[in-house]
Amino acid sequence: MNPFVYLVQTGFDLYIMVVLLRVWLQWSRADFYNPFSQFIVKATQPIVAPLRRVIPSIGSLDMATVLFAYVLCVAKFIIIISISSGGFSFEPSFLFLGLLALLKAAGSLLFWVLLIRAILSWVSQGRSPIEYVMHQLTEPLMAPVRRVLPAMGGLDLSILVIFIALQFANYAVGSLVGNVWYML
């Protein structure tokens, strides 16, 4: 693999996760005065603010930020293919691949946020600002699972159930889409 492709892919993937995290923070009505939330807002505000003037939200879903994340996914493919082939290349299939990459990035973000919350629950001595935001983001997903699962003597297995469901969804979409899903 070309090392420049790796750097471009990693940079795009990290920033796409930051942009999607902004969407998730707004959708879950998380505390925007939290230092972690402020970092996310400041990292995305220069591009999102002008877009929000033009593209309206649908309910609590910020469509301008979602569109920005989608454009980043498509741009990632254009730049990676251009680096790999040595010249500019655009194909209409990049639009579909961008949508798939956005879906996969959202699942990946969910995985990492759940993992960070699980680790913080083991090592945190108190309510850190990051732990508080992770709780606000993941509790709407974990509470219904926790209601169905019986109490396990102080162990919260709801994260494990969500991890298994995420992995199942990953394999299900991969079997529908094909090998391109695993290369995104």
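Only this structure's heavy atoms are used, side chains among them; waters, hydrogens and symmetry mates stay out.
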(request) Please report the shortest heavy-atom distance between L102 and Y70, naming the atom on each side. (result) CD2-CB, 4.0 Å
(message) Please enumerate all residues that pass ring-ring contact (aromatic ring centres under 6.0 Å, His included) together with F96, with sequence neighbours excluded.
(response) none
(message) With heavy-atom distances below 4.5 Å as the criterion, would you say the side chains of W27 and T65 are in contact?
(response) no
(message) Quick one: does any side-chain atom of S85 pair with a main-chain N or O of G87 as donor and acceptor, under 3.5 Å?
(response) yes
(request) Check side-chain hydrogen bond (donor to acceptor under 3.5 Å, both in side chains) between S37 and all other residues, then give those that pass, not counting sequence neighbours. (result) none
(message) Considering only residues two or more places apart or on different chains, which pairs with a residue in residues 166-184 satisfy salt bridge (Lys or Arg N to Asp or Glu O under 4.0 Å)?
(response) none
(request) Give every residue pair that meets the salt bridge (Lys or Arg N to Asp or Glu O under 4.0 Å) criterion with at least one member in residues 10-24, sequence neighbours excluded. (result) D13-K76
(request) Treat each ILVMFWY residue as a node, draw an edge where side-chain heavy atoms are under 4.5 Å apart, and state whether V173 and F168 are in one component. (result) no
(request) Give, for atom CD1 of I79 and atom OG of S84, the distance between the pair rounded to the nearest 0.5 Å. (result) 11.5 Å
(request) Could you tell me which non-hydrogen atom of N34 sits nearest to which non-hydrogen atom of Y132, and how far apart they are? (result) ND2-CD2, 4.0 Å
Side-chain donor-acceptor pairs under 3.5 Å in residues 159-167, sequence neighbours left out?
{"unit_1": "Q167", "atom_1": "NE2", "unit_2": "Y171", "atom_2": "OH", "d": "3.3"}

(message) Hydrophobic clustering (ILVMFWY, side-chain heavy atoms < 4.5 Å, transitive) - are Y33 and V133 grouped together?
(response) no
(request) Would you mind listing every salt bridge (Lys or Arg N to Asp or Glu O under 4.0 Å) that reaches into residues 33-50, with sequence neighbours excluded? (result) none
(message) Can you tell me if F94 has over 12 outside heavy atoms packed within less than 6.0 Å of its CZ?
(response) yes
(message) Test of understanding: clusters of I, L, V, M, F, W, Y form through side-chain heavy atoms closer than 4.5 Å, transitively. Do L14 and F68 belong to the same one?
(response) no
(message) Going by salt bridge (Lys or Arg N to Asp or Glu O under 4.0 Å), name the pairs with one or both residues in residues 47-59, residues two or more places apart or in two chains.
(response) R52-D62
(request) Considering non-hydrogen atoms only, spot the tightest contact between P35 and P129 and give its length. (result) CD-CB, 3.9 Å
(request) Kindly give the heavy-atom pair with the smallest separation between I55 and A64, and that separation in Å. (result) CG2-N, 3.8 Å
(request) Kindly write out the residues that satisfy side chain to side chain contact (heavy atoms under 4.5 Å, CB included) with S158, not counting sequence neighbours, or none if the list is empty. (result) M142, V145, R146, D156
(message) Which heavy atom of M63 sits nearest to which heavy atom of P56, and what is that distance?
(response) CB-O, 3.4 Å
(request) Give a yes or no on whether the backbone of F32 and the side-chain of Q38 come within a donor-acceptor separation of less than 3.5 Å. (result) yes
(request) Consider only side-chain heavy atoms of I, L, V, M, F, W and Y, link residues closer than 4.5 Å, and tell whether M134 and L141 are in one cluster. (result) yes
(request) Only counting residues at least two apart or in another chain, list the ones meeting ring-ring contact (aromatic ring centres under 6.0 Å, His included) with F39. (result) none
(request) For residues E131 and S121, report the shortest heavy-atom separation together with the two atoms involved. (result) OE2-CA, 4.3 Å
Could you pull out every donor-acceptor pair under 3.5 Å between side chains of residues 103-115 and any protein atom, sequence neighbours left out?
{"unit_1": "K104", "atom_1": "NZ", "unit_2": "W181", "atom_2": "O", "d": "2.8"}

(message) Please enumerate all residues that pass side-chain hydrogen bond (donor to acceptor under 3.5 Å, both in side chains) together with Q26, with sequence neighbours excluded.
(response) none
(message) With rounding to the nearest 0.5 angstrom, report the CD1 to CD1 distance, I78 to I83.
(response) 12.0 Å
(message) Would T44 and Y15 count as a side-chain contact (heavy atoms from CB on, under 4.5 Å) here? Give the steps.
(response) CA-CA 9 Å; T44 57; Y15 194 65; 4.0 Å; yes
(message) Within the supplied structure, the quantity of interest is the number of heavy atoms (other residues, nucleotides, ligands) at a distance under 6.0 Å from L176 CG; does it exceed 12?
(response) yes
(request) Report the residues that fulfil side-chain hydrogen bond (donor to acceptor under 3.5 Å, both in side chains) with W24, sequence neighbours left out, ordered by chain and then residue number. (result) none
(request) Rounded to the nearest 0.5 Å, what's the gap from CG on L20 to SG on C73? Could you check? (result) 7.0 Å
